[in-house]
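To start, the structure itself, in structure tokens.
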Amino acid sequence: MNYFELFSLPVKYCIVQSELSATYRLLQKQFHPDNFVMRADAQKRVAMQKSTEINDAYQTLKDNCLRAQYILLLQGLDIELDRRTLQDSDFLMQQMRWREDIELFTKDDEDAIDVFSNNIQDHIKALENTIESQLQQESLQATADSIIRLKFMLKLQTELSLIEETLFD
Amino acid sequence: MALLQIAEPGSSKAPHQHKLAVGIDLGTTNSLVASVKSGQAIPLVDTENNYLLPSIVHYGEMHISTGYTAEKNLLTDPLNTLFSVKRLIGKSFAEVDRTFLPYQLSAHESGTVQIDTRCGEINAVQASSEILKTLIKCAKKNLQGDLDGVVITVPAYFDDAQRQGTKDAARLAGVHVLRLINEPTAAAIAYGLDAAQEGVIAVYDLGGGTFDISILRLHKGVFEVLATGGDTLLGGDDFDVQIAKWIKEKANLVDPLSPKLQQELLKTSRKAKQVLSDQPNVTITLSQDNFSIVLTKIQFESLIAPLVKKTIRACKRAMKDANVALAELVEVVMVGGSIRVPLVKELVAAYFKRELLTSIDPDTVVAIGAAIQADILVGNKPDADMLLLDVLPLSLGLETMGDLVEKVIPRNTTIPVARAQEFTTFKDGQTAMLIHVVQGERELVGDCRSLARFVLTGIPPMAVGAAHIRVTFQVDADGLLNVSALEKSSGVQAHIEVKPSYGLNDNQVIEMLSASHSFAKQDLQARMLIEQQVEVKRVIENLTDALQKDGLQLLEQGEFDAINENMAILEKIGAGDDKQAIKEALKSIDKLTSHYASLRMDVSINKALTGHAVTDI
């Protein structure tokens with residue numbers, strides 16, 4: 001049973017988050033180990049495995065980047081295994097510049113950080129839209145490249161929030 | 001046997017006998033036990049009508065005492081009167097801050113901290129089990145019967161070693177743990193069910209020794225923890241220590257202080273803190289040299305402000321991790337005895353910009369929530385539509401080259417969760433490998449908590465890099481970690497030897513069990529046999545039932561017959577008293593039926609999702 005089947009969903013990038021979480025709650029209400037504490041040990045184990053799988057599926061399906069990556073995996077393209085590198089020097093240069101920018105932020109740059117953060121968020125949104133249409137056109141290799149770009153952006157976002165944490169806490 | 005009994009959606013389960021279950025709040029300063037009686041969760045009282053049991057254990061000349069009886073010995077016998085042992089659970093000797101700790105600590109050969117008493121070396125697990133024994137005795141008396149199970153609460157921010165230590169203490173006390181649940185989550189149950197609350201809530205829990213902040217989404221009976229944070233070494237005790245340090249300085253007391261004087265300073269400081277909750281100042285006196293001094297509320301607040309601010313920083317981080325804005329919160333619930341300090345309430349209200357909810361007694365709310373959950377888990381409320389979804393509080397990682405940590409499971413991931421990681425050999429013919437698991441957020445191994453070192457042995461010898469060892473980290477619903485490993489190309493199950501860094505290993509627990517007064521060795525053997533026979537009975541009942549329902553639909557005739565045959569064998573062996581044979585028979589039927597079990601699970605998932613419009617979930 002793949003994650004989409006587990007949640008009774010067609011294999012599609014487009015997803016309604018509220019429906020996804022409703023199905024998630026319904027599944028966990030039935031299969032969570034809490035329902036099996038008075039059962040035989042082996043039953044407890046199977047319930048834990050199923051509940052684990054439901055959690056994993058939910059984490060994958062609700063996240064735009066992971067969901068896209070999973071769709072590619074179902075089509076036989078494993079990004080992790082591929083260890084593919086991006087042949088886009090402009091994009092990589094831009095990443096390096098951004099990374100240098102965030103290193104230089106100080107406590108007085110609160111406004112600048114906001115602008116920067118919004119800019120990153122816009123790039124993320126744009127990439128997600130690209131991924132959606134690339135998946136529709138079934139251009140798998142192009143989607144894979146976009147996913148890697150998206151991963152770069154998400155990593156940058158995490159780093160920015162870590163820097164914010166150290167500056168303002 | 002791996003079959004699941006799943007009620008058909010919409011159909012109710014069979015009627016059953018009422019079971020006895022309790023919730024236990026095993027606190028740093030006070031502990032208590034609660035249970036659902038006539039539909040109402042209430043704290044259970046002892047013969048003197050007290051529901052709070054001070055978490056103090058006295059190892060006396062003649063016998064061990066706990067609670068108020070033990071408390072009387074704090075000043076007269078400080079070396080043998082153990083308090084705040086919760087702070088020592090799952091800790092190494094080197095990690096423990098020994099300022100103002102009147103009793104004597106030493107290190108077990110494993111590095112685990114222990115206390116030297118007149119009854120020999122006592123570890124925190126043993127001392128905690130004494131407190132649990134007292135609470136269980138009180139519960140049995142109240143409920144008039146043996147307990148079918150208990151839920152024990154732990155700080156949400158407890159790491160793996162601390163959780164395992166708590167479970168070991170329960171095992172020593174001889175009770176069946178249904179589940180370890182997090183203290184703030186328990187408080188949320190007590191509040192949430194009370195008001196049929198919906199929306200996102202924050203639970204701020206400042207106890208005697210620990211601090212937790214949890215952000216939860218409540219939706220139609222589901223309590224989903226979005227993020228949690230905290231500090232397992234920050235609580236009311238630390239406020240006392242701040243005052244004690246201040247007095248020490250003002251009274252020109254020089255180290256080393258006698259154990260008795262340390263205890264007097266702590267006791268006086270605690271009293272002063274309590275007075276300052278509603279007075280502008282307090283006069284502090286010491287028996288030594290007729291010393292006397294006034295401490296104002298303002299001075300006290302400046303002493304503890306850095307600590308309280310630390311809790312606010314943790315709140316900010318948790319809100320960020322939960323991805324929730326302040327305006328989205330519908331409630332901020334305050335839990336724990338230390339929220340009585342006015343500065344705490346003031347700063348928390350200022351940060352969350354709202355009034356705080358304290359309507360349930362902050363000392364009992366956690367035990368009450370645990371009692372409600374215990375009642376449901378044990379099966380007394382088959383129609384209860386409640387579910388807890390908790391998270392892993394601290395990231396789990398592995399040591400890699402250069403003392404760096406590679407994160408395997410990030411913090412705030414919903415449990416149960418499993419992640420696999422692949423390793424390969426770095427030498428020709430290598431057959432063993434050492435894996436070091438750590439818990440924490442920092443990048444360097446030395447800055448994280450060392451949980452365990454796993455030695456993988458039995459890797460088939462191959463050329464360098466040819467072996468692919470898949471190590472799976474499984475965190476169960478109690479938040480406890482299990483590790484398994486498999487060499488992929490050969491399918492060989494690599495053997496894992498677990499060495500908990502600062503906990504007790506299985507042999508130590510069994511040793512303690514057999515050494516404890518509550519079970520003679522024979523009792524233990526007899527108990528293990530009975531447990532196995534109960535398991536055989538469960539397996540046969542569940543399996544017969546399942547086979548009748550859908551055995552022939554899901555299985556080939558051959559498989560069906562094989563299972564029936566094995567079941568008959570199991571029944572025969574289960575009637576005897578050969579523990580090893582029963583164990584093997586259970587194992588073999590488990591293996592034989594695991595495919596059938598997952599088939600049934602998939603069928604029931606399809607059933608669960610059809611006939612339900614998502615809108616009525």
Side-chain angles (χ1 to χ4, degrees), chain A residues 1-9 15-60 62-63 80-81 157-162 164-166 168-169, chain B residues 1-7 9 19 148-149 178-179 219-222 224 313 316-317 320 373 376-379 385-389 413-419 474-478 534-536 538-539 542 586 589-590 593-594 597-598 601-602 604-606 608-610 612 614-617:
Chain A
M1 219 181 233
N2 74 41
Y3 293 164
F4 286 97
E5 286 164 0
L6 183 62
F7 275 68
S8 286
L9 289 167
I15 225 158
V16 183
Q17 290 287 348
S18 61
E19 285 176 12
L20 186 73
S21 25
T23 309
Y24 170 67
R25 286 192 293 266
L26 176 82
L27 287 173
Q28 284 294 17
K29 269 191 180 173
Q30 291 236 0
F31 300 101
H32 193 275
D34 279 359
N35 298 322
F36 302 89
V37 281
M38 299 301 278
R39 295 293 162 78
D41 287 350
Q43 293 187 339
K44 288 182 193 166
R45 200 189 59 229
V46 176
M48 182 178 72
Q49 284 163 352
K50 203 72 210 177
S51 179
T52 297
E53 193 187 336
I54 295 165
N55 274 335
D56 213 14
Y58 181 53
Q59 295 306 325
T60 305
K62 80 173 178 187
D63 182 279
E80 302 281 321
L81 207 69
Q157 200 176 40
T158 316
E159 274 163 29
L160 181 67
S161 73
L162 278 177
E164 266 184 287
E165 217 168 282
T166 46
F168 301 112
D169 280 348
Chain B
M1 210 277 311
L3 289 171
L4 286 160
Q5 289 276 298
I6 298 143
K19 295 223 154 80
D148 292 292
L178 300 167
R179 182 73 72 232
H219 185 85
K220 294 190 176 162
V222 178
E224 185 184 1
R313 279 201 294 277
K316 278 188 193 164
R317 198 183 78 164
K320 204 167 166 189
Q373 175 72 344
I376 294 174
L377 291 181
V378 87
D385 198 24
M386 190 184 94
L387 176 68
L388 298 189
L389 295 169
T413 304
T414 307
I415 54 174
V417 60
R419 289 288 144 83
Q474 168 85 59
V475 180
D476 66 16
D478 289 325
V534 169
E535 177 76 7
V536 167
R538 274 189 199 144
V539 165
N542 295 169
L586 280 169
I589 202 142
D590 182 27
T593 54
S594 67
S598 41
M601 189 69 96
D602 290 350
S604 63
I605 282 186
N606 286 330
L609 290 181
T610 46
H612 265 283
V614 272
T615 43
D616 32 87
I617 295 162

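- Scanning for side-chain contact (heavy atoms from CB on, under 4.5 Å) contacts around A:Gln157 gives A:Ile120, A:Gln121, A:Ile124, A:Leu154, with sequence neighbours left out.
- Interatomic distance, A:Asp34 CG to B:Met386 CE, rounded to the nearest 0.5 Å: 8.0 Å.
- We find the CG-NZ distance between B:Leu387 and A:Lys29 to be 7.5 Å, quoted to the nearest 0.5 Å.
- Within the 4.5 angstrom heavy-atom criterion, only backbone atoms of B:Val417 (N, CA, C, O) approach chain A.
- Most heavy-atom pairs under 4.5 Å with chain A, from the set B:Ile415, B:Asp476, B:Thr414: that is B:Thr414.
- For A:Glu53, no part sits under 4.5 Å from any heavy atom of chain B, backbone or side chain.
- Ranking B:Lys320, B:Glu224, B:Gln373 against chain A, the residue ahead of the rest is B:Lys320, based on heavy-atom pairs under 4.5 Å.
- For A:Ser18, no part sits under 4.5 Å from any heavy atom of chain B, backbone or side chain.
- A:Phe7 pairs by the ring pair (Phe, Tyr, Trp, His ring centres under 6.0 Å) definition with nothing, not counting sequence neighbours.
- Comparing B:Leu388, B:Val534, B:Val475, B:Asp148 by how many heavy-atom pairs each has under 4.5 Å with chain A, the most go to B:Leu388.
- Checked by atom type and distance alone, the side chain of A:Ser51 never pairs as donor or acceptor with a backbone atom of A:Met48 at under 3.5 Å.
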